[in-house]
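Everything on this sheet refers to the single structure shown next.
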Amino acid sequence: MIKLLGCILIIASTASVGMIAAEKLNSRVRELEQSIIMLQIICDELRYTLAPMDSILESLCANPTMQNYKLLNLYKKFTDCETFNERLIKSFNCYIGSLNKTDISLLSEITTFLGRYSAESQIASLENIIARLDFQRDE
């Protein structure tokens, strides 16, 4: 009887550990998908409106589909920064969530070129990062 109870407890505990790991992975995939959507919106805005990057990011923050995205919520909090790039860098540095360090380092690469080069080169760099995040998501 005790052996049977022990087996049941072992099976239940390993199943719960597996379920927790699966939930973490699902959360990471959701955040990667939100990141990809955010970068695609930025690409589209650059491609079709040529709006300044700070106004693109502000419109993203106001976008109802992006309200639960942790990085944009952090971006909204850092109003004391002078430039949008400083706000982005602070957001990436303070991020605590489902994305791993590789995901964050990929996303933080946008601070090296956003608002600094021509729209075409920014779009090409964003599309490169989107493809890499896509690969991370499928991995």
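Given the structure is predicted, the values throughout are model-derived calculations rather than measurements.
Residue-environment remark: CD (Q67) exceeds the threshold of 12 foreign heavy atoms within 6.0 Å. Around CG of N73, the count of heavy atoms belonging to other residues, nucleotides or ligands within 6.0 Å exceeds 12. Heavy-atom neighbours of I96 CD1 from other residues, nucleotides or ligands within 6.0 Å: at or below the threshold of 12.
Between the side chains of N85 and T83, no donor-acceptor pair of N or O atoms lies under 3.5 Å. A donor-acceptor pair shorter than 3.5 Å cannot be found between the side chains of T111 and S108.
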Derivation of the side chain to side chain contact (heavy atoms under 4.5 Å, CB included) call for L126 and L46: CA-CA 10 Å; L126 283 168; L46 282 172; 3.9 Å; yes
Derivation and outcome, side chain to side chain contact (heavy atoms under 4.5 Å, CB included), residues L88 and L71: CA-CA 8 Å; L88 280 174; L71 282 170; over 6 Å; no
Between L114 and I56, does the side chain to side chain contact (heavy atoms under 4.5 Å, CB included) criterion hold? Intermediate values first, please. CA-CA 11 Å; L114 278 185; I56 291 173; over 6 Å; no
Side chain to side chain contact (heavy atoms under 4.5 Å, CB included) between S121 and F113, intermediate numbers included: CA-CA 9 Å; S121 64; F113 60 82; over 6 Å; no
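At a threshold of 4.5 Å between non-hydrogen side-chain atoms, the residues S35 and L99 count as touching. Side chains of E127 and C43 form a contact here, defined as non-hydrogen atoms less than 4.5 Å apart. Considering only heavy atoms from C-beta on, D80 comes within 4.5 Å of K90 through its side chain. You'll find the side chain of C94 reaches within 4.5 Å of the side chain of F78, heavy atoms only. Side-chain contact between Y75 and E58 is present, with heavy atoms from C-beta onward closer than 4.5 Å. Side-chain contact check for I37 versus T65: every heavy-atom pair is 4.5 Å or farther apart.
Scored by the side-chain hydrogen bond (donor to acceptor under 3.5 Å, both in side chains) test, Q34 finds no partners at all (sequence neighbours excluded). Scored by the side-chain hydrogen bond (donor to acceptor under 3.5 Å, both in side chains) test, D134 finds R137 as partners (sequence neighbours excluded).
Salt-bridge check for E23 with R30: passed, with a basic side-chain N closer than 4.0 Å to an acidic carboxylate O.
Between Q122 and G115, the shortest heavy-atom distance links the atoms OE1-N, 2.9 Å.
Of the residues L57, T79, L74, the one that meets the side-chain contact (heavy atoms from CB on, under 4.5 Å) test with R87 is T79.
Criterion: ILVMFWY side-chain heavy atoms under 4.5 Å apart, direct or through other members. Under it, L133 and V29 are not part of a common hydrophobic cluster.
The structure places CD1 of I129 at 6.5 Å from OG1 of T112, a figure rounded to the nearest 0.5 Å.
The main-chain N or O of S98 is found under 3.5 Å from a side-chain atom of Y95 such that the two form a donor-acceptor pair.
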